[in-house]
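One structure below.
Residue numbers count from 1 along this sequence. Side chains included, hydrogens not; waters and symmetry mates left out as well; all remaining heavy atoms used.
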Amino acid sequence: MKGLIYLALRYVCYHRWRSVILMLCLSLTFFFPLSVHRVVIEFQSALWARSEATPMVIGAKGSRFDLVLHALYFRNKGPDSISWADYETLRDTGLGDPIPIHSAFQARGFPIVGTSLDYLEWRGMELASGRSLLHLGECVLGASVAAQLELVVGDSLMSDPENVFNIAGDYPLKMRVVGILSRQDSPDDQAVFVDIKTAWVIAGIGHGHDEVADDADSTTLLRREGNNRVVNASVLSYMEVTEANRDSFHFHASPGERPLTALLFVPRDAKSGTLLRGRFQGVDSPVQILRPREVVNELMTTVSRVKQFLDLNFVLVLGVVGLFLGLVILLSLRLREREMETLFLLGCRRGTVWGLLFLELSVVGLVSLGITLCFSWVAESVFETWLRQMFS
């Protein structure tokens, strides 16, 4: 037996390039379905973990998937906005605690999430350095944001303008970094957290500027509306909130009209959640109330169907690879007729010759399996890192 193993190893090493090509073909054939299977499992675990931790998501009527993905992962602008009045209505029900979310802007590619301190407390996020939000114009960074942008407490971060070609548009806001969160292995690591009023300032609903006197000329003062003065664009808004100008910041929209992109709702108990859905889930309700777990389950049903198609495709590919492998073996036997004849003349039995061929294929298969496992381990490590940042 040892002699046959030695001969099989020598044959594989002698025809190294042919063996390497065959190993790579087999490795890739098994790598893709194995990786898809592992990716789907990790993807399901990550989505379910985040959705299970979020009881309810409330937002404007529209795509349920867009709303849930926006509220949980801040990765799109979501459907239409709801208003602060909707937040107050839900808060006054006494059935639970609503948490406001305004995530429509970015800072150097990272989402700016306007919310309250209740969100940080509810998610169990702790500060690695600095302090929490206290004043307008301050921000707290997720661990990944701070690491990738190389920012520390005391630095500044500018919000990205929505349209760099619109010279009449809103000015970006320069935010002061007052805290950095500990790593959560969640989408919160990739977010910039600000107070909800700071998010409204970035949206252009609130701003601060120099005081305009009553005797200002007509090029600056357009008209008066009671105690308010309407000025033109020559009076530039402040691009940074400081102690000196903080009191000059004000909002033009009434509190009830100020927008939110989503609400997270934490009911006091299961009964309160059911009562809330029954009260606001009617046709005339301006909002939709979703359970992220149900939406994610529906999403994963679609993913499972896609996986079934990929599994069927893998079976077909495996059958084709098996046919090609059989063809390679038959051609190899044809080319090795003189070698086989020599082995017969040396006294080898037919079973011994077939055993040698089996060992040669076993060596190729085992090495291919090892390569497949190595590829899968690397791919799974990379994908797990991405999932921790995006969907955990």
Side-chain angles (χ1 to χ4, degrees), residues 74-75 77 84 99-164 166 169-184 186-211 233 235-253 255 258-262 389:
F74 322 122
R75 290 302 162 185
K77 288 191 175 182
W84 186 257
I99 300 175
I101 296 290
H102 186 287
S103 179
F105 301 94
Q106 294 185 331
R108 296 176 65 176
F110 294 97
I112 299 175
V113 181
T115 185
S116 63
L117 295 179
D118 294 335
Y119 179 86
L120 304 181
E121 181 180 355
W122 175 61
R123 288 293 189 192
M125 291 185 283
E126 299 180 352
L127 289 167
S129 60
R131 60 171 175 82
S132 191
L133 301 169
L134 291 178
H135 302 294
L136 193 69
E138 296 178 341
C139 67
V140 172
L141 305 182
S144 297
V145 178
Q148 295 181 40
L149 299 184
E150 299 181 350
L151 295 175
V152 296
V153 174
D155 290 342
S156 297
L157 179 63
M158 188 77 73
S159 64
D160 299 336
E162 278 197 295
N163 188 352
V164 296
N166 182 9
D170 298 326
Y171 294 98
L173 181 67
K174 186 178 181 181
M175 302 170 290
R176 190 162 68 93
V177 180
V178 297
I180 296 175
L181 295 167
S182 301
R183 183 166 294 279
Q184 306 295 316
S186 76
D188 298 320
D189 293 334
Q190 296 280 332
V192 178
F193 293 97
V194 299
D195 181 73
I196 193 69
K197 292 184 178 179
T198 301
W200 289 335
V201 170
I202 299 174
I205 300 172
H207 61 269
H209 51 68
D210 292 328
E211 185 68 24
V235 180
L236 298 179
S237 300
Y238 292 127
M239 298 178 62
E240 182 179 7
V241 181
T242 63
E243 293 184 4
N245 65 23
R246 184 177 294 130
D247 293 337
S248 70
F249 277 80
H250 55 279
F251 298 90
H252 290 287
R258 297 169 192 171
L260 298 173
T261 56
Q389 296 175 351

- [ ] State the NZ-CG distance between Lys174 and Leu157, to the nearest 0.5 angstrom.
- [x] 10.5 Å
Open item on the list: Within this structure, what is the CD1-NE2 distance for the pair Ile112 and His102, rounded to the nearest 0.5 Å?
Closed with: 10.5 Å
Task: Closest non-hydrogen atom pair, Val192 against Cys139 - done: CG1-CB, 3.9 Å
TODO: For Phe251 and Arg258, work out which heavy atoms get closest and say how close.
DONE: CB-NH2, 3.3 Å
Task: Nearest heavy-atom neighbours spanning Glu150 and Asp155 - done: O-OD2, 4.2 Å
Task: Short side-chain to backbone donor-acceptor contact, Ser159 and Ala107, under 3.5 Å - done: no
Task: Any side-chain heavy-atom pair of Phe105 and Leu173 under 4.5 Å - done: no
Identify every side-chain donor-acceptor pair in residues 126-134 under 3.5 Å, counting partners at least two apart or on other chains, and give the distances.
| unit_1 | atom_1 | unit_2 | atom_2 | d |
| --- | --- | --- | --- | --- |
| Arg131 | NH1 | Glu138 | OE1 | 3.1 |
| Arg131 | NH2 | Glu138 | OE2 | 2.6 |

Open item on the list: For Ser116 versus Ile99, what's the shortest heavy-atom pair and its separation?
Closed with: OG-CG2, 4.1 Å
Open item on the list: Ignoring hydrogens, what is the shortest heavy-atom contact between Val140 and Ile180? Give both atom names and the distance.
Closed with: CG1-N, 4.4 Å
TODO: Give a yes or no answer on whether the side chain of Trp200 reaches the backbone of Pro259 with a donor-acceptor pair at less than 3.5 Å.
DONE: yes
Task: Rounded distance [0.5 Å steps], OG1 in Thr115 versus CG in Leu260 - done: 9.0 Å
Open item on the list: Tell me whether Thr261 contacts the main-chain N or O of Ser103 through its side chain, where contact means a donor paired with an acceptor under 3.5 Å.
Closed with: yes
TODO: Could you tell me whether the side chain of Gln148 reaches within less than 4.5 Å of the side chain of Phe110, counting heavy atoms only?
DONE: yes
TODO: To the nearest 0.5 angstrom, please state how far the CD atom of Glu243 sits from the NE2 atom of His135.
DONE: 7.0 Å
- [ ] Using the test ring pair (Phe, Tyr, Trp, His ring centres under 6.0 Å), find all partners of Tyr119 that sit at least two apart in sequence or belong to another chain.
- [x] Phe193
Open item on the list: Please check: side-chain N/O of Asp189 versus main-chain N/O of Gln184, any donor-acceptor pairing under 3.5 Å?
Closed with: yes
- [ ] Answer yes or no: is there a side-chain heavy-atom contact under 4.5 Å between Gln190 and Phe74?
- [x] no
Task: Distance in Å, Thr198 OG1 paired with Leu136 CG, rounded so as to fall on 0.5 Å steps - done: 4.0 Å
Open item on the list: What's the separation between atom CG in Asp188 and atom CG in Leu181, rounded to the nearest 0.5 Å?
Closed with: 8.0 Å
